[in-house]
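Below you'll find the structure, written out as structure tokens, and then a few comments.
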Amino acid sequence: MGSIECLAPEVLTVDVLTAKRLIQITHVYLDVRTVEEFQRGHVDAERVINIPYMFNTPEGRVKNPDFLKEVSSACKKEDHLIVGCQSGVRSLYATADLLAEGYKDVNNMGGGILDWVKNEFPVKAPVAKKEL
């Protein structure tokens, strides 16, 4: 008999061009950055959800213990999701967790918001107050 292989589903990472196309057609964009990062600017799409995968603490970043519960209250396991973060690392881990939890169509956005901005794709940012 052979050895037991890891049963975790393989994460599919898509580039920002593919992610943009999928978000425009069918997918929800799940931004897993902190609330503060999200509020500074995020992917401009019709369906965007911000659920942090990690929190900043005085001791460093810690995983959000309620991440999966929060996602399940906002999304169904059959929903089409693109998961993104700042550079593509947190979203990779978040995507793996979601797939392991039984979500069917979840893709990691490689390069994160940094690549999104580099490609000059639309970003929704707070409106700056004009000085008089």
Side-chain angles (χ1 to χ4, degrees):
M1 291 271 164
S3 63
I4 297 175
E5 293 187 24
C6 178
L7 298 176
E10 188 174 326
V11 172
L12 178 61
T13 297
V14 297
D15 60 34
V16 292
L17 187 60
T18 302
K20 180 177 185 266
R21 186 176 51 77
L22 291 171
I23 292 165
Q24 289 173 330
I25 299 169
T26 56
H27 287 56
V28 174
Y29 183 74
L30 174 60
D31 192 318
V32 297
R33 296 177 301 151
T34 65
V35 171
E36 297 78 20
E37 288 173 305
F38 182 80
Q39 290 174 341
R40 282 195 295 268
H42 56 85
V43 167
D44 188 7
E46 188 177 322
R47 295 163 300 186
V48 178
I49 301 170
N50 176 224
I51 300 174
Y53 185 69
M54 302 190 93
F55 295 121
N56 293 324
T57 70
E59 294 78 33
R61 283 194 175 155
V62 296
K63 185 176 174 183
N64 175 358
D66 296 323
F67 176 73
L68 292 171
K69 185 170 77 172
E70 290 176 28
V71 173
S72 71
S73 71
C75 305
K76 295 186 270 263
K77 291 190 176 180
E78 297 76 29
D79 287 347
H80 307 290
L81 302 173
I82 296 288
V83 183
C85 65
Q86 190 71 15
S87 65
V89 177
R90 281 175 280 176
S91 58
L92 181 67
Y93 290 111
T95 301
D97 283 1
L98 291 167
L99 289 168
E101 188 69 13
Y103 285 80
K104 308 285 185 242
D105 186 7
V106 185
N107 296 296
N108 176 47
M109 185 173 84
I113 191 80
L114 294 175
D115 272 5
W116 185 274
V117 169
K118 191 187 305 180
N119 281 275
E120 300 179 359
F121 293 156
V123 173
K124 188 165 190 155
V127 176
K129 294 181 182 174
K130 292 183 182 179
E131 294 191 31
L132 301 174

Looking only at non-hydrogen atoms, find the nearest pair between E101 and K77 and report the distance. O-NZ, 2.8 Å
Please say yes or no: joined through hydrophobic side-chain contacts below 4.5 Å, possibly via intermediate residues, are V35 and I51 part of one cluster? no
Side-chain contact, heavy-atom cut-off 4.5 Å: N64 with Y53? no
State whether the side chain of W116 and the backbone N or O of G111 hold a donor-acceptor pair below 3.5 Å, judged by distance alone. no
L12-V89 co-clustered via ILVMFWY side chain contacts under 4.5 Å: no
Rounded to the nearest 0.5 Å, how far apart are CG of D105 and CG of L99? 9.0 Å
With rounding to the nearest 0.5 Å, note down the distance linking CG in D31 to NE2 in H42. 7.5 Å
Do I82 and V117 belong together in a cluster built from hydrophobic side chains that touch within less than 4.5 Å? yes
About how many Å separate CG of L114 and OG of S87, when rounded to the nearest 0.5 Å? 6.0 Å
I23-V14 co-clustered via ILVMFWY side chain contacts under 4.5 Å: yes
Heavy-atom nearest pair, G84 first then Y29, reads CA-OH, 3.3 Å
Within-4.5 Å side-chain heavy-atom neighbours: T13 and L92: yes
Would you give the length of the straight line joining atom CE of M109 to atom OG1 of T18, rounded to the nearest 0.5 angstrom? 11.0 Å
Less than 4.0 Å between a side-chain N and a carboxylate O, is that true for K63 and D97? yes
Looking at every heavy atom in both A94 and V32, which two are closest together, and how far apart are they? CB-CG1, 4.0 Å
Count the heavy atoms belonging to other residues, nucleotides or ligands that lie under 6.0 Å from NZ of K124, then report whether that count exceeds 12. no
Within one Ile-Leu-Val-Met-Phe-Trp-Tyr cluster: M54 and I49, side-chain cutoff 4.5 Å: yes
Taking N119 for its side chain and F121 for its backbone only, find out whether a donor-acceptor pair lies under 3.5 Å. no
How far does CG of L30 sit from CD of E70, to the nearest 0.5 angstrom? 10.5 Å
Using the rule given for side-chain contact (heavy atoms from CB on, under 4.5 Å), can you reason through H27 versus N107, listing the C-alpha separation, both sets of side-chain angles and the distance that settles it, and then say yes or no? CA-CA 10 Å; H27 287 56; N107 296 296; 3.9 Å; yes
Restricting to ring-ring contact (aromatic ring centres under 6.0 Å, His included), what partner residues turn up for Y93, sequence neighbours left out? none
What distance separates F38 CZ from I113 CD1, expressed to the nearest 0.5 Å? 9.5 Å
K20 side chain to P122 backbone, donor-acceptor under 3.5 Å: no
Examine distances only and state if a side-chain atom of D79 and a backbone atom of L81 form a donor-acceptor pair shorter than 3.5 Å. no
Compare every heavy atom of Y103 with every heavy atom of C75, then report the nearest pair and how far apart it is. O-OH, 3.9 Å
